Visitor: 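First the structure, which I've put down as structure tokens, then a few questions once you've had a look.
Because the structure is predicted, anything quoted here is derived from the model rather than measured.
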Amino acid sequence: MPPGMAFLAAITSIVYYHNIETSNFPKLLIALLVYWTLAFITKTIKFVKFCDNNIGPLQLRFCLTGFLVVLYGMLLLVEINVIRVRRYVFFKTPKEVKPPEDLQDLGVRFLQPFVNLLSKGTYWWMNAFIKTAHKKPIDLKAIGKLPIAMRALTNYMRLNEAFESPKNKNTPNPQGSKSIWRALCNAFGRQLVLSSTFRILADLLGFAGPLCISGIVHHVGKGSNNTFRPKTEILGVYFISSQEFLANAYVLAVLLFFALLLQRTFLQASYYVAIETGINLRGAIQTKIYNKIMRLSTSNMSMGEMTSGQICNLVAIDTNQLMWFFFLCPNLWAMPVQIIVGVILLYYLLGISALIGAAVIIVLAPVQYFVATKLSQAQRSTLEYSNERLKKTNEMLRGIKLLKLYAWEHIFHSSVEETRQKEMTSLRAFALYTSISIFMNAAIPIAAVLITFVVHAHLFENADFSPSVAFASLSLFHILVTPLFLLSSVVRSTVKALVSVQKLSEFLSSEEIGEEHDKCAEPRCKDNHSKYQAVPLKVVNRKRPAREDWNNYSSPLRRPVSTTEADDYCVKVTNGFFTWTPEGSPTLSSIDIRIPQGQLTMIVGQVGCGKSSLLLGILGEMQKVSGNVIWNSIPDSETGEDVSPERETAVDSETRKRESVAYASQKPWLLNATVEENITFESPFNTQRYKAVIDACSLQPDIDILPHGDQTQVGERGINLSGGQRQRISVARALYQHTNVVFLDDPFSALDIHLSDHLMQEGILNMLRNDKRTVVLVTHKLQYLPHADWIIAMKDGTIQREGTLKDIQKSESELFEHWKTLMNRQDQDLEKETLIERKAVLDRTNLQRTKNSRETLLQDEEEDEDEIPESDDDDNLSSVLHQRAKMPWRACGKYLSSAGFLLLPLLVLSQLLKHSVMVSIDFWLAQWTYDAIAFKVGPTEKNCSVCEESKFNHSPYTRIFSILCCLGIILCLVTSIAVEWTGLKVAKKLHCFLLNKIILAPMRFFETTPLGSILNRFSADCNTIDQHIPATLECLSRSTLLCLSALAVISYVTPVFLIALVPLAVICYFIQKYFRVASRDLQQLDDSTQLPLLSHFSETVEGLTTIRAFRYESRFKQKLLEYTDSNNIASLFLTAANRWLEVRMEYIGACIVLIAAVASITKSLYDNLSSGLVGLGLTYALMVSNYLNWMVRNLADMELQLGAVKRFNGLMKTEAESDEGLLSPAQIPQNWPDHGEIQIQNLCVRYDSTLKPVLKHVSAHISPGQKIGICGRTGSGKSSFSLAFFRMVDTFEGRIIIDGIDIAKLPLQTLRSRLSIILQDPILFSGTIRFNLDPEKKCTDSMLWEALEIAQLKHVVKALPGGLDAIVTEGGENFSLGQRQLFCLARAFVRKTSIFIMDEATASIDMATENILQKVVMTAFADRTVVTIAHRVHTILNADMVIVMKRGVILEYDKPEVLLEQEDSVFASFVQADK
């Protein structure tokens, strides 16, 4: 009764304290103080009484009372300390206790640091979160913010403090590896010690299992029911000794239960602390790397010492390696303790034979390490082949239109398949080593147990070989194997961490840009503020003439530079010598320039003379050898508002450093954000200003084409935009900013003459110069020089001349004349084009009026079409939510069925057989040991003399035991190979199927499916199927079958266990159901938050000069902290969810052990159950607690990974193009089409059966050798017309007959291989020039050279190293756009087909190249039928016939001269507009 009351009192006090704490009413603590004091005094009196009556430590009550005295004393001290520190009671001014700052912030939902100890240990606070996750998907909003102590900034400051501690600062290399390790230990070492302590405690408690099993089986074996019968009576009270108490089987069962609960709680606490520390450390290191990037010297990047890829690897791989090392770090200290204690206990149980068994495990550990090393090597080579395959797949998908039109799919398909074969070879090695690793994990314990028991039975005949010894040893072997298997992982992780820290050290030691000690002149007076402060944005004046007369360069619109303004400079460089590398000679020498304030300065000179370097040198990006860069600071006008008087005085009083400069680099740099965000670039949005900038950069037409207008996400590095669009967005960003200084580095390089002129006029002159902003413009367009207020001419890294155009005309007349001839040449082109443009605008206006009403109608219809899919998406979302809790069994079935009918039964049977044999081994051991102990006990009771004469014969038992163990080892090998073999076969089959499906898919599929989505199937999903699913499948099947076999054994030993199993199974089911949903969402969130973080790093590295020029470092650092925290909070929640599951599963496991123990003890005592079976049941019960959570974790992983198979399946349903023709190859003439006659009869074409027709009842006849021109407005059906020849679109009515054969009857391969086309976008593939011209390898070298000569490329290719075998980089980036188009022409000529189609092939080419093309078509293709779809109408004036199209019908079809004579002809109006 008294202990029961004491227990109730303790529970009541805990609840009471909890309520005081939550209600924040600490004065009530006085009641607890009284309680603990009284409890301590009464227990102390009792303890003293026991001592007086000579009741010592051997008595259980004495021990318990002593323990309670210590416990109550500690609780009393804690209570007094809380009252003293918090000044709760007995103080006049008690401290006001506020909850932590994090808890006041409703955004913080990660409560692990703030909850009480019980909730911390059991993750009780996660219950509500996991329930919510089951109802609606988890997103960043649901997981909230990180607590302050875990934020990247907090941890970075902690790490930085450790770096800057005196100890570290005094070391010779403050950024060296040793210093980094010391700093990491100082910053995060304390948590690691805590984690290691928890781990060691858990490992020591883990040994309670085998010891308790030994005790229980030993007790049961004796067969007596030792219930408590105390013999000692003192003071009228019966006492029981501790030894008697611990000898009772039921007591041991309860102790085992509590030991398991504690052990699992400590183990999960250790994992959690280690992982949390690792995540915090990763955040801190990433922030440190980012801060270093912001100060990184530009020369490191430009000179190739450090690439963007290396830095991204440092962030993506090396920080994760360090995080993993910290996860596994506690094992370094815990493993030796576990191994030593395990070996000692085995020795205690089995003597010398235990050391032999342990030696087997220890000797095989290096083999494990060797296999693990080989495994990582195989993984590396697989990754290399995988990257190569992806590169080829990407190229194939990007050029799929060309491949289909040229019927080259099979060539690229076989190329990808060839690389896949190499990858599969590497994957086979990976699978082999994985299966060896799995096999060793399973086989080593069997081998160790076999050797130990056989040696023990035969060498030590008198030794104790009872069930208690055997099953305790078996459990110990299972415990001992775990750290030795972990050893290989820990050693590998440690080696990787050492390498990562070395890399980190090299990176942190790399050179930084010089701190700005540039002199600053005194700030200028208030009068010269930017116009933005007082005047609203000016309306751009469009009536201003497009070009100022060359001789009129002293226009009144420009401020003349008077001598009084000589000191009115923005930047001044005196005697500047700048270099990229400290060792090399200066890139810029003797630089003496000044850039006038509020005026337009142009920097001109030949390519490579140092114009861009000069800008970067002024911005402080280059290393300054000598000289000064002096910035004449003016008050800040970034906000565009009036500056407050206080701010002004502050500005005037200090000499400021360089202000923010709006800089547009030569190679445009874009953020992975929307077009609007790229232009506003963190500045406040101003609609009027934004529209003006969009107009000045002529971006509106481009924005209209983009799928979501200016809200379209620009891909990484602007991948979904053209070069010109990227350039203009980059310039628009500089124009939009409210900075006083704007640097534009060759903004016209990727723009045509119209766009350049518009940008110069509206953007640079009207927006920037008229607002008195200082503009520095680097350009090759000399026709703009008359606009310049100040010109800097450069030559070979020095300043050739600076001054106004008038100065240069006087002093450098030769240079001036050279410029003038160049400018006149460019000017004439422009004058001509400007006139044409004006006429075209007038004509287009007239045309527009007639078409307007029809246009709006069409637009409305298109909009309606666009709206339809959205409702489908909503339906999809609701069905996805509905499916979240279900396992993807169909995908699982698809995966397993892909293995084939031979492998699947082998896989299932081998697994079942293996586990049956494993159970048989343990059953046989139970029988063997029971018989051995029965033999010993039996004769003793009858006659002692018989005992001496006869000995127990172990041989038959060892023989069967050895056979079973060997069979078990063989089956372990078979199952591990079967799983990996299945994985390989499925991976090969699925990739092959998908590739075949994709390559044969119709063109419409590629137009409607994002390329990234298809590529993801071949990259991430393929990797999951190749490497992850087999391992997870093996783990899942092993843990599930182990659990089932264990439950079956326990149920067999004690059938009553089945009654308790039902509620436990129900609880397990609900826990796994809720966990799987939350785990999947959190895993996806963890992955998705990592991408923006890595993308932010690569973006920053590429745009470093721009960010530093804008002075936006702090904004980008803030963004990084947000991305890092988002990723870390997702990782922490995922960790907490895993711990939540594991704690619950471990507790259920402990309950199973308790129930099994109590049931088997009872059955043994009252039903004579053999002690061998009791040991067997308990050993298996312990195993269940280990494998239950693995089963659920693997189930969750499997569900996530089967998503890849599901997505593969989705793409496999793609229908192929109808390839079969009605004609067999024998029926098609060998040289068809030899004449090139085309008859189009009533042709109706659509892109898809669900869409409207794009060509309506088109009929035409094209004679052999005719040159046909097709023109019409955008969307009139010109391109659809050309695609119809290749059956790339759905022809649902009418037909095309070429040389007497209806093309619908031909096989696609035959049709497409007999025609040629040049597309608008030139496509080249990586490889050689020979491969690009003739991938089918049908032509001789002389034929290829002839084709190159016709395309005017022979001299270009001859000059290249290797000639025809010269390398073409991906996308043909090492050739200009014009050259690429000419290569495409040569490729078409090589095919020598009699029909040749040019689809707007000259749209992206300059006039000179276009003239070459036209000449070639007329001469080289004189005998061929040529169909030209024209972008510029003047290119088809020499055609034999012209077709004018409009909305899918032929409007006009006649000779061009006939159409030109008709005044109302649409063709005539087009020609008029194009003049």
Side-chain angles (χ1 to χ4, degrees), residues 547-555 558 561 569-573 576 578 587-596 599-619 622 661 663-667 727 731 734 741-753 755-757 759-761 763-765 768-769 774-830:
R547 164 80 42 206
E548 290 184 33
D549 188 53
W550 165 246
N551 297 312
N552 186 20
Y553 42 71
S554 54
S555 161
R558 212 168 24 262
V561 183
Y569 64 85
C570 168
V571 192
K572 189 160 72 174
V573 182
F578 299 91
T587 312
L588 301 174
S589 19
S590 312
I591 303 294
D592 278 292
I593 55 162
R594 67 181 188 81
I595 289 164
Q599 293 184 6
L600 172 59
T601 302
M602 287 195 195
I603 303 177
V604 290
Q606 287 180 323
V607 174
C609 67
K611 302 184 293 297
S612 299
S613 298
L614 179 61
L615 289 190
L616 293 172
I618 294 171
L619 289 170
M622 289 181 77
V661 171
Y663 170 64
S665 56
Q666 192 170 10
K667 183 186 173 189
Q727 182 115 48
V731 173
V741 186
V742 181
F743 281 11
L744 302 173
D745 191 355
D746 205 2
F748 308 119
S749 58
L751 310 185
D752 64 31
I753 205 140
L755 293 173
S756 304
D757 201 49
L759 175 61
M760 182 71 199
Q761 192 60 53
I764 296 170
L765 299 178
L768 298 179
R769 197 183 63 177
T774 307
V775 185
V776 179
L777 172 68
V778 169
T779 186
H780 291 284
K781 304 252 178 186
L782 299 180
Q783 71 264 32
Y784 299 139
L785 281 178
H787 297 294
D789 298 308
W790 193 254
I791 298 167
I792 298 171
M794 293 192 71
K795 192 176 183 182
D796 304 331
T798 57
I799 303 299
Q800 190 181 3
R801 187 81 179 85
E802 75 164 324
T804 61
L805 197 54
K806 217 169 201 172
D807 298 342
I808 292 169
Q809 186 182 4
K810 285 177 189 169
S811 57
E812 296 271 349
S813 52
E814 201 175 308
L815 177 67
F816 179 79
E817 287 305 318
H818 173 61
W819 283 354
K820 196 167 176 181
T821 52
L822 285 173
M823 278 187 281
N824 281 342
R825 199 179 309 153
Q826 291 175 354
D827 242 22
Q828 282 160 14
D829 291 349
L830 191 82

Visitor: Using modelled atom types only, decide if a donor and an acceptor are shared between the side chain of Lys611 and the backbone of Met794 within a distance under 3.5 Å.
Guide: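 Looks like no, no N/O pair under 3.5 Å.
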
Visitor: Rounded to the nearest 0.5 Å, how far apart are CD1 of Ile595 and CD1 of Ile792?
Guide: 5.0 Å

Visitor: Can you measure from CD (Gln800) to CG (Leu815) and round to the nearest 0.5 angstrom?
Guide: 5.0 Å

Visitor: If I take atom NZ from residue Lys806 and atom CD1 from residue Ile791, how far apart are they, to the nearest 0.5 angstrom?
Guide: 13.0 Å

Visitor: Flag the pair Ile764 / Arg769 as yes when at least one side-chain heavy-atom distance between them is below 4.5 Å, and no otherwise.
Guide: no

Visitor: Among Leu768, Leu600, Thr601, which residue meets the side chain to side chain contact (heavy atoms under 4.5 Å, CB included) test with Leu777?
Guide: Leu600

Visitor: Going by the rule side-chain contact (heavy atoms from CB on, under 4.5 Å), which residues pair with Asp796 if we only count those two or more places apart in sequence or in a different chain?
Guide: none

Visitor: Side chains of Phe816 and Leu805: closer than 4.5 Å at any heavy-atom pair?
Guide: yes

Visitor: When rounded to the nearest 0.5 angstrom, what distance separates OG1 in Thr779 from CZ in Phe748?
Guide: 5.0 Å

Visitor: At their closest point, which heavy atom of Glu802 faces which heavy atom of Asp592, and how far apart are they?
Guide: OE2-O, 3.2 Å

Visitor: Looking only at non-hydrogen atoms, find the nearest pair between Met602 and Ala788 and report the distance.
Guide: CG-CB, 3.8 Å

Visitor: Taking side-chain contact (heavy atoms from CB on, under 4.5 Å) as the test, write out the residues that go with Ser612, two or more places apart.
Guide: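 Result, side-chain contact (heavy atoms from CB on, under 4.5 Å) vs Ser612: Gln666, Asp745.
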
Visitor: Looking at every heavy atom in both Thr804 and Asp789, which two are closest together, and how far apart are they?
Guide: CG2-O, 3.4 Å

Visitor: Can you name the residues that form a side chain to side chain donor-acceptor pair (under 3.5 Å) with Thr774, not counting sequence neighbours?
Guide: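 For Thr774 the side chain to side chain donor-acceptor pair (under 3.5 Å) partners, ignoring immediate neighbours, are Gln597.
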
Visitor: Shortest non-hydrogen contact from Ser589 to Thr798?
Guide: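 Between these two residues, the closest heavy atoms are O-CG2, 3.5 Å.
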
Visitor: To the nearest 0.5 Å, what is the distance between CD1 (Ile603) and CD1 (Ile618)?
Guide: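 Rounded to the nearest 0.5 Å, the CD1-CD1 separation comes to 6.0 Å.
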
Visitor: Which pair of heavy atoms, one from Gly610 and one from Leu588, lies closest together, and at what distance?
Guide: O-CD2, 3.6 Å

Visitor: List the atom of Gly803, the atom of Ile808, and the distance in Å for their closest heavy-atom pair.
Guide: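 It is O-CD1, 4.2 Å.
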
Visitor: Once rounded to the nearest 0.5 Å, what's the spacing between atom OH of Tyr663 and atom CG of Leu616?
Guide: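 The distance works out to 4.0 Å.
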
